[in-house]
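Following: one structure in structure tokens, then a few remarks.
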Amino acid sequence: MCGIVGYVGNRPALNVILDGLRRLEYRGYDSAGVAVLDGRGGLAVERKAGQLRNLEARLDELDVPFEGTAGMGHTRWATHGGPTDRNAHPHRDGTGKVAVVHNGIIENFAPLRAELEAAGVELTSDTDTEAAAHLVARAYADGPTAGDLAASVRAVCRRLHGAFTLLFTHAEHPDMIVAARRSSPLVVGLGEGETFLASDVAAFIEHTRDAVELGQDQVVTIRRDGYDVTDLDGNPAEAKPFRVTWDLAAAEKGGHDYFMLKEIEEQPTAVANTLRGHLTDRRIVLDEQRLADGDLRDVDKVFVVACGTAYHSGLLAKYAIEHWTRLPVEVELASEFRYRDPVLDRQTLVVAISQSGETMDTLEAVRHAKEQKARVLAICNTNGAQIPRESDAVLYTHAGPEIGVAATKTFTSQIAANYLVGLALAQARGTKYPDEVAREFAELEAMPDAMAAALDGVEAARELARDLAPSRAVLFLGRHVGFPVALEGALKLKELAYMHAEAFAAGELKHGPIALIEDGLPVVVVMPSPKGRAVLHAKLLSNIQEITARGARTVVIAEEGDETIRPFAHHLLEVPAVPTLLQPLVSTVPLQVLAAEIARARGYDVDKPRNLAKSVTVE
Ligand code: AGP
């Protein structure tokens, strides 16, 4: 998830672009760069790894004039290629006349890079994006779209697979920018004698609130006096005009009061982006695998190490990996792992899950595992972070930057990534045939839609939150994959609402915790599907009856249409019906909303809970 700004107008483009990038820096801060058309056939480009201020310092040092009233900028959240200067956007073709900035993932970048190298093109970065600059330059220079930048962009975009927002400038066209989008955001801002492009409206609402949202597979050409939109074949296309009513602070949060609320809603996209490109020819392909199938085939035990929410996603990994591969899986809190002297060897696979990739407890667990000759696979949301750097392989989640301290979209993205690891292990060990792997992957790919449906149904959770806000404590119950979801729901409530919340495996209730049940005590119960493991559904139904008989106030998360549960639920929060192992991806959503809204009702800062940090880099 990167930040993109484009501008064609009558003011110095550099200042407009840098202001816009500052508004979008929350979308990515691995590197930043700008390209400005000087109007005399020149295209000045500068880029720098690190935060935007590094680029600004670099620009201040330069004596190169970044004059011109058209240009574009980019702040990067690295996906392919580490956060370095050479991988920073904009990328250019060999002539330096074409520049491109990109948000998204071009899945077929490898064959495109190979095609270019075979044609003698020298590629200078490790990114998926750079190929697009060379391809557009070649289409513009020769052939049916020669001399026509928009037609050249359309021709190239027709060849791309994956998700992209791409902006192209050409030195011979100082009065235009051509952009294309597929499954990645792009909006046009319409000013007086100036036109903007951006990943989101925060970049330009101080200049104009008149905007246009582009549709799927559309190409827009902007000039200072306006824009035109086509489809990928060049046919005129309609885009949706709208007026931005948010203020700047709200715009950065997508109209929400808090980043966390926006990030809860970004989960379908985050999971879709995490899954994107990982199944080719019915085979699971991990990112920078560096673990050959043979290495995965030799694995005879799996350890999952993580902290907090990442640990809860690890508990879910255990169910999937054991079910799909018959490998024994131990899930261990990273802070405990190395102190209990675990039995590890070269045939042990340690999966280290960390959204920040900097959590010291998890990093030290990785180091311990490496000392014991185990192979380490990192699941991380931050390209180039310390944990993936010290691991043998990495599978990146593509949730984009998560600003809220409480993990939400990175949690559900981790679940998707864990399941990819499980399928890769099953594939390598032959415990699943390619058609079975493809079928499980297809069920995963259907989850963003199910999660979007779950998000459509969270109003009941919002209303209930106001009701529960005065509660002194809340218990959470679950069985099977519902238990880690209960743990995650309790953690969210603790860290956001500072409320005592505790989760139990429902079967444990009778072994002590049932003594906690008293009149009016809220108990959240995460129900399995009645169509899944019927025995679990029946046992949880009994648990609900046990606690209601003792005065509990039940909040039941259940599958839509599960009528058996309705008479026993004081409050019913319904989620879409999905396969058993995938239920956590939908049942977590109302719990995230419940915790955030209780915190809001209590007047707390949902994005910055007290005593907490987004990344715990101390042990
Ligand atoms: C979760 O909401 C918390 N922010 C915290 O438990 C977090 O999951 C934990 O610190 C692990 O962080 P990591 O994923 O960056 O390693």
Side-chain angles (χ1 to χ4, degrees), residues 77 258-264 266-267 270 274 304-317 331-338 350-367 369 376-391 394-418 476 484-499 501 503 584 588-589 591-596 598-599 604-619:
W77 182 261
Y258 295 104
F259 278 109
M260 180 187 171
L261 302 179
K262 174 170 173 268
E263 288 153 5
I264 287 171
E266 287 176 341
Q267 292 186 104
T274 296
V304 181
V305 294
C307 303
T309 290
Y311 170 74
H312 297 151
S313 84
L315 291 171
L316 291 165
V331 187
E332 185 72 81
L333 286 169
S335 53
E336 290 293 313
F337 177 69
R338 62 199 176 106
V350 173
V351 179
I353 307 172
S354 173
Q355 82 83 19
S356 65
E358 301 296 345
T359 299
M360 189 51 73
D361 287 324
T362 310
L363 180 56
E364 289 299 343
V366 165
R367 288 168 175 165
V376 178
L377 168 65
I379 292 181
C380 186
N381 194 50
T382 311
N383 196 299
Q386 197 60 27
I387 288 172
R389 272 210 292 270
E390 298 195 22
S391 299
V394 57
L395 175 59
Y396 283 111
T397 52
H398 292 288
E402 188 172 66
I403 310 301
V405 166
T408 50
K409 62 179 182 173
T410 55
F411 174 61
T412 44
S413 300
Q414 285 164 355
I415 295 171
N418 292 341
F476 290 74
V485 173
L487 287 167
E488 176 59 13
L491 175 61
K492 285 287 154 306
L493 202 50
K494 278 185 273 225
E495 65 177 332
L496 290 165
Y498 320 147
M499 187 188 284
T588 304
V589 170
L591 298 185
Q592 293 167 337
V593 172
L594 193 63
I598 290 176
Y604 299 144
D605 185 335
V606 172
D607 281 337
K608 302 186 184 74
R610 70 185 181 195
N611 309 338
L612 293 175
K614 185 62 186 169
S615 172
V616 183
T617 55
V618 293
E619 278 196 287

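These figures come from a predicted structure and were not determined experimentally. Computed from heavy atoms alone, side chains included, the values below leave out hydrogens, waters and symmetry copies. Ligands are counted one by one from 1 in listed order, and the atoms in each one are counted from 1 as well.
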Applying side chain to side chain donor-acceptor pair (under 3.5 Å), can you list everything that pairs with Gln267, at least two apart in sequence or on another chain? Thr412, Gln592

Do Leu315 and Leu487 make a side-chain contact, defined as non-hydrogen atoms from C-beta onward lying under 4.5 Å apart? yes

Can you name the atoms of ligand 1, numbered from 1 with element, that are less than 4.0 Å from a heavy atom of Cys307? 8 (O), 9 (C), 11 (C)

Determine whether Ile403 and Glu263 make a side-chain contact, defined as any pair of heavy atoms from C-beta on separated by less than 4.5 Å. yes

May I ask you to identify the nearest protein heavy atom to atom 15 (O) of ligand 1, giving residue, atom name and distance to one decimal place in Å? Ser356 OG, 2.6 Å

For a 4.5 angstrom cut-off between non-hydrogen side-chain atoms, does Ile415 reach Pro584? yes

Which ligand 1 atoms does Lys492 reach within 4.0 Å, using its non-hydrogen atoms? 1 (C), 2 (O)

How far is atom 4 (N) of ligand 1 from its nearest protein heavy atom, and which residue and atom is that? Val405 O, 2.9 Å

Any donor-acceptor pair under 3.5 Å from Tyr498 side chain to Arg610 backbone: yes

Report the part of Thr359 in contact with ligand 1, treating N, CA, C, O as backbone and CB onward as side chain, heavy atoms under 4.0 Å; options are side chain, backbone, both, neither. side chain

Is there a donor-acceptor pair under 3.5 Å between the side chain of Thr359 and the backbone N or O of Asp361? no

If you have a sec, work out which protein heavy atom is nearest atom 10 (O) of ligand 1 and how many Å separate them, to one decimal? Val616 CG2, 4.1 Å

Distance-only N or O hit between ligand 1 and Ala407, under 3.5 Å: yes

Looking at ligand 1, is there an atom of it that comes within less than 4.0 Å of some heavy atom belonging to Thr362? no

How would you list all residue pairs meeting salt bridge (charged side-chain N to carboxylate O under 4.0 Å, His left out) that involve residues 400-411, not counting sequence neighbours? Glu266-Lys409, Glu402-Lys614

With a 4.0 Å cut-off on heavy atoms, is Ala406 touching ligand 1? yes

Using a strict cut-off of 4.0 Å, indicate which atoms of ligand 1 neighbour a heavy atom of Thr309. 1 (C), 2 (O), 6 (O), 8 (O)

Of the listed options (Gln592, Glu495, Glu488), which comes nearest to atom 2 (O) of ligand 1 when hydrogens are ignored and any heavy atom counts? Glu495

Yes or no: does Glu358 have any heavy atom under 4.0 Å from an atom of ligand 1? no

re atom 14 (O) of ligand 1, the protein heavy-atom contact at minimum distance is Gln355 N, 2.8 Å

Considering the heavy atoms of Ala310, write down every atom of ligand 1 situated less than 4.0 Å from one of them. 8 (O), 14 (O)

Is Asn381 reaching over with its side chain to a backbone N or O of Gly400, donor-acceptor style, under 3.5 angstrom? yes

Do the non-hydrogen side-chain atoms of Val350 and Val366 ever get within less than 4.5 Å of each other? no

